[in-house]
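Counting begins at 1 with the first residue of the sequence. If you're wondering where the values come from, they're calculated on a predicted model, not measured in any experiment. Just so you know, these numbers use all the heavy atoms, side chains as well, and skip hydrogens, waters and symmetry mates.
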Amino acid sequence: MPRPTTRHDLPHDPTHDLPHDPTHGPPDSLSPGPSDRPSDRPSDGASGAPSVPLAPTPAQTVGPFYGYALPFPGGERIAPAGHPGTVTVHGCVRDGAGAPVPDALLEFWQAGPDGSLMGAPGSLRRDPVTGAVIGRNGVDFTGFGRVPTDADGHYVVRTLPATAPAGCPDAAPYLAVCLFARGLLHHLFTRVYFPEHAAAHAADPLLARLPAERAKTLLARSDGPGRYRFDVHLQQAEDGTYEETVFLAFR
């Protein structure tokens, strides 16, 4: 298994620095369009400056459209249908300003109850007639889920309790998460650990290397019987009210 390393510093959010629209020429173009000619603008007559404020040019960024084609029916239902041990993990994805990210996509992987990382096939089964994705058969545990965030940046998955991967005796149980979102040039990896395994956290190879405050960003909190909340913060708040979630790089 690749060894994860932490990423403490995310790059500046590229959604705040959108690229110049190439259809309008370079910023220092000497060939103004009709709306750029002084005669086309209201002016105060003295200095030639516009007499009314000019609206900013709309952003031309299109996509990514994670909510199209990538989500599949039942992507959030990792646990077999009706399994008595099913737990719910939910939360919100937020940007550096604390605003929810409504078009993010999260993928979850986890070891099976026996610690196996193989998982059963069948998350993306297709209808043999139409070719449409029909999802799982409701019986086998595939160990994989994919879910988009809604308009409020919220996601939810229903799965089996986390287990530690076989062959990793010091690892605490966790869910592996991959996050795709607007403004990210590359997807991000993180983990979800659970409060009932606190004794195992001290020996976990990843958590043991993190300062306590950083390790907390990987810990879900109990949110009712069989329910946990895990929020993802893409950047640290400027006022320090919350920490950036620890993200991982594999080597």
Side-chain angles (χ1 to χ4, degrees), residues 1 4 67 70-93 104-128 132-180 189-207 215-232 245 248:
M1 175 180 293
L70 292 176
F72 61 92
E76 77 285 0
R77 295 192 295 270
I78 306 174
H83 195 288
T86 299
V87 297
T88 298
V89 180
H90 72 106
C92 189
V93 178
L105 186 77
L106 297 95
E107 293 185 342
F108 291 81
W109 291 272
Q110 69 180 101
D114 61 350
S116 171
L117 293 176
M118 296 299 293
S123 295
L124 299 170
R125 293 184 311 130
R126 291 185 177 273
D127 186 294
V133 176
I134 57 177
R136 315 170 208 278
N137 62 14
V139 176
D140 297 320
F141 178 74
T142 66
F144 171 76
R146 179 187 291 160
V147 60
T149 56
D150 62 18
D152 298 317
H154 186 258
Y155 74 89
V156 58
V157 293
R158 294 175 176 85
T159 187
L160 298 183
T163 54
C168 302
D170 294 331
Y174 66 86
L175 306 182
V177 182
C178 182
L179 171 69
F180 304 81
F189 295 98
T190 189
R191 289 181 179 179
V192 186
Y193 291 87
F194 296 88
E196 62 265 33
H197 305 130
H201 293 168
D204 183 86
L206 173 59
L207 295 179
K216 286 181 181 178
T217 69
L218 300 181
L219 184 63
R221 69 176 187 270
S222 179
D223 192 27
R227 193 171 71 179
Y228 303 88
R229 182 168 185 118
F230 180 75
D231 293 329
V232 179
T245 299
L248 311 174

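Under the 3.5 Å distance criterion, the side-chain polar atoms of Asp152 are left unmatched by any main-chain donor or acceptor of His154. In this structure, the side chain of Arg125 engages the main chain of Gly135 through a donor-acceptor pair within 3.5 Å. Here the side chain of Thr142 pairs no donor or acceptor atom with the backbone of Gly119 at under 3.5 angstrom. Judged purely by atom type and a 3.5 angstrom limit, Arg136 uses its side chain to pair as donor or acceptor with the backbone of Gly75.
Annotation for Ala104 and Val93: closest pair CB-CG1, 4.4 Å, computed over non-hydrogen atoms. Heavy-atom minimum distance, Leu160 versus Ala79: CD2-CB, 3.8 Å. Here the closest heavy-atom approach between residue Gln110 and residue Tyr174 is recorded as CB-O, 4.4 Å. Across Phe189 and Cys178, no two heavy atoms sit closer than the pair CE2-SG, 3.9 Å. Here the closest heavy-atom approach between residue Ser222 and residue Pro195 is recorded as N-CG, 4.2 Å. Contact record, Leu218 with Leu206: CD1-CD2, 4.0 Å, taken as the closest heavy-atom pair.
The OG1 atom of Thr217 lies 11.5 Å from the CG atom of Asp231; values are rounded to the nearest 0.5 Å. Taking CH2 of Trp109 as the reference point, atom CZ of Arg146 lies at 8.0 Å (rounded to 0.5 Å). Between the CZ atom of Phe141 and the CG atom of Asp114 there is a distance of 9.5 Å, given to the nearest 0.5 Å. In this structure, the separation between CD on Glu196 and NE2 on His201 is 8.0 Å, given to the nearest 0.5 Å. For the atom pair CZ of Arg77 and OG1 of Thr86, the computed distance is 11.5 Å after rounding to the nearest 0.5 Å. Interatomic distance, CG of Leu179 versus OG1 of Thr190, reported as 9.0 Å (0.5 Å rounding).
No side-chain heavy atom of Ser123 sits less than 4.5 Å from a side-chain heavy atom of Ile78. Between Glu76 and Pro71, the closest side-chain pair of non-hydrogen atoms is not below 4.5 Å. When side chains are defined from C-beta on, Val89 counts as touching Tyr155, because their heavy atoms get closer than 4.5 Å. In this structure the side chain of Val232 never reaches within 4.5 angstrom of the side chain of Val177, judged on heavy atoms. Side-chain atoms of Thr88 and Val157, non-hydrogen and from C-beta on, never get closer than 4.5 Å to each other.
There is a side-chain donor-acceptor pair under 3.5 Å between Asp204 and Tyr193.
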